[in-house]
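Quick notes on the structure that follows.
By convention in this document, chain letters (A, B, ...) are assigned in the order of the sequence lines, proteins followed by strands, and residues within each chain are numbered from 1.
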Amino acid sequence: MKFFIRRAVFYVITAWAAVTLNFFIPRLLPGDPVQSLLSRYQGNIDVNAVKSLRVLFGLDSQKPLWQQYFDYFGQLFHGDLGISLQSFPTPVSEIIGQSLPWTIGLVGMSTIIAFVLGTLLGIVLGWHRGTKWDALIPLTTFFSSVPYFWIALIAIAVFGVNLGWFPLSGSYSPDVMPGLNMSFIASVCYYSFLPALTIVISSIAGWILGMRNMIVTVSSEDYVTVAQAKGLPESDVMFHYAARNAILPQISGFALSLGFVVSGTLVMEQVFSYQGIGYRLLQATSNNDYPLMQGIFLIITFSVLIANILADIVYALLDPRTRKEA
Amino acid sequence: MENKPSFEAEPALTINNLSVDYGFTDDAVHALRNVNLTLHKGEVLGLAGESGCGKSTLVYAATRLLPPPGLITSGEVWVTGDDGKQYNLLALNDRQLRRERWVDTAIVFQGALNSLNPVYKVGYQIKDAIKVHRPKWSAARREERAEELMDMVGIAHDRLNAYPHQLSGGMRQRVMIAMALALEPKVLIMDEPTTALDVVMQRQIVQQIMELRQKLGFAVIFITHDISLLIEIADRIAIMYAGEIIEDGKAMELYRQARHPYTKGLIGSFPPLHGARKELGGIPGSPPDLADLPQGCPFMARCAYARPECASYDVALQPTGLPQDSVGHTVACQLFVELQKDGVPLPTGLVNS
């Protein structure tokens, strides 16, 4: 229990630091959103309108910085991330709320698939090292060393354009009604197949190699020899003794990659015109949409933190040595 | 064996002509060469020799636990099963091998600290072997057996729910012993079971093993380089040098009447507890390179009694042929070949008592 409290305190402090940085960095940049809005309308804005925009964006410089800082926190706790410039006056939280599920669904699912598949393959490869299974390694490493957007483009060219098996872009068919019905879900799965495949193919090698190497290391541990000497079935030795210990570093890696789910597939979503958070971030950047960028950065930070919390919990469940008894 | 020792003469484990190489190529290390060894039922057999002489390789090979690139190049290992029938362990297929392991032969390994899986409770690790080999037993019966085993090694029952890192080194080694005895094996192999422990704990553990052997009657192969410990606990001692057994005999006889010059040197390098103080002798030089063995006796270069004939000696155990030695006392040395064949007398240093 002490372990979890200590970790919780750590995460609260980290979250506070992240939010603080997120508050100050944009304010240290030259220029402000109102100026960029002005330049978008080429200065054709009334002076009074400029003034009210400043108030709206919380840029009325009457308030001292520390006051703004506390206001920012207050807004955060109400889920208020400001207002998007680009799709003015939609609140940032609404935009994020719309695009986040798509990214988490697509990239999250494919990361989990890649992790599970890669780890299982890594166990088999590590256990049967030196056999024909090893041929899989250069193959998967090849795919992970190729830039994934290139794989994505090839996948679109082959399966989308030439063979016509899969749609080229988008996240569901325009013919179906979004909602909890079978045809919509089927359409979402169908549209996400190619992007998901690309992510799995380009990331699986890391999981395979990591797991394989850990299995090789752990296999020479005395307790694995003891398990063999006990005459346990090979699968027991492989999973309960070798893999059970070898998987621990994989879990940390998995948590980190979960954290990057939200941010990591910017280009991917661009290539497939997938309406996820990465796509939004790119739009926000090219349109100087500071509030949206800030909001997305905050979400990315928190997703990394949450992924780490999950990893800590899983790690503590898997490895008794981490949960020290008080 | 012709002579009748204090223990039953029936073999529990017989190793015939066992050879092991590390590596497949021309520069392979010949770690074990034509080793013959018999362990009798209920006997404590000590296996001694300096580091790298092949003690551990011998037992790992004999139990088919040799890690790659270790390769058994020849030999047979006959184990007497529960039904009294003997089977060659090296000829079993994987399924048969796994079924026999731990039931007839159990091992306590060198590294007490790393022999337990850190992520499982010790109770789980004791019981999983029982579960596999005694599939008909209920969970309650397995639990009962685990508690019984903990009693045997003097650890409280609630420690079954402890993780390995919550136990001390001595306790972990006791758990390993309990685990090894779970299925009442006929043969217990102990590979330097006390190396990682302090002397007080060593003493306790060794005493416990000997008490358990009295009670349960299993045979023990005890590997150590602590020859003074062996003289105390073992019925018989086999001395290894450079991958070969060079002397084999009853413990006290080997101590008092060591025949091989190497054994003499080995015993001479430990201080005696009783009797007059004497200067400790070491053995000059170092063991030969097992990848590039010289012709003849491997100990020749370090031997004070070496003769030109030793260079063509084909190492093999044979009875010493001395009237004061028992028949089972065997030695692998050119001097004893010459003694028996041509009546060439032994150097005075080797004929004492």
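The 12-atom threshold is exceeded at CH2 of B/Trp137, counting heavy atoms of other residues, nucleotides or ligands nearer than 6.0 Å. Atom CE of B/Met152 is surrounded by more than 12 heavy atoms from other residues, nucleotides or ligands within 6.0 Å.
For chain A, the nearby parts of B/Ala129 are the backbone and the side chain; heavy atoms of each come within less than 4.5 Å. The contact between B/Pro118 and chain A is made by backbone and side chain atoms together, counting heavy-atom distances below 4.5 Å.
Judged by distance alone, the side chains of B/Tyr120 and A/Asn245 never bring a donor and an acceptor atom under 3.5 Å apart. Between the side chains of A/Gln228 and B/Arg98, at least one donor-acceptor pair of N or O atoms lies under 3.5 Å.
Side-chain atoms of A/Lys230 come within 3.5 Å of backbone atoms of B/Gln125 as a donor-acceptor pair (strictly under, hydrogens ignored). Side-chain atoms of B/Asn117 come within 3.5 Å of backbone atoms of A/His240 as a donor-acceptor pair (strictly under, hydrogens ignored).
The line from CG of B/Asp128 to OH of A/Tyr241 is 3.5 Å long, rounded to the nearest 0.5 Å.
Residues B/Met176 and A/Val226 meet the side-chain proximity criterion, which asks for heavy atoms closer than 4.5 Å. The closest side-chain heavy-atom distance from B/Trp102 to A/Leu232 is not below 4.5 Å. When side chains are defined from C-beta on, B/Val119 does not count as touching A/Tyr223, because their heavy atoms never get closer than 4.5 Å.
Here the closest heavy-atom approach between residue A/Gly231 and residue B/Val132 is recorded as O-CG1, 3.8 Å.
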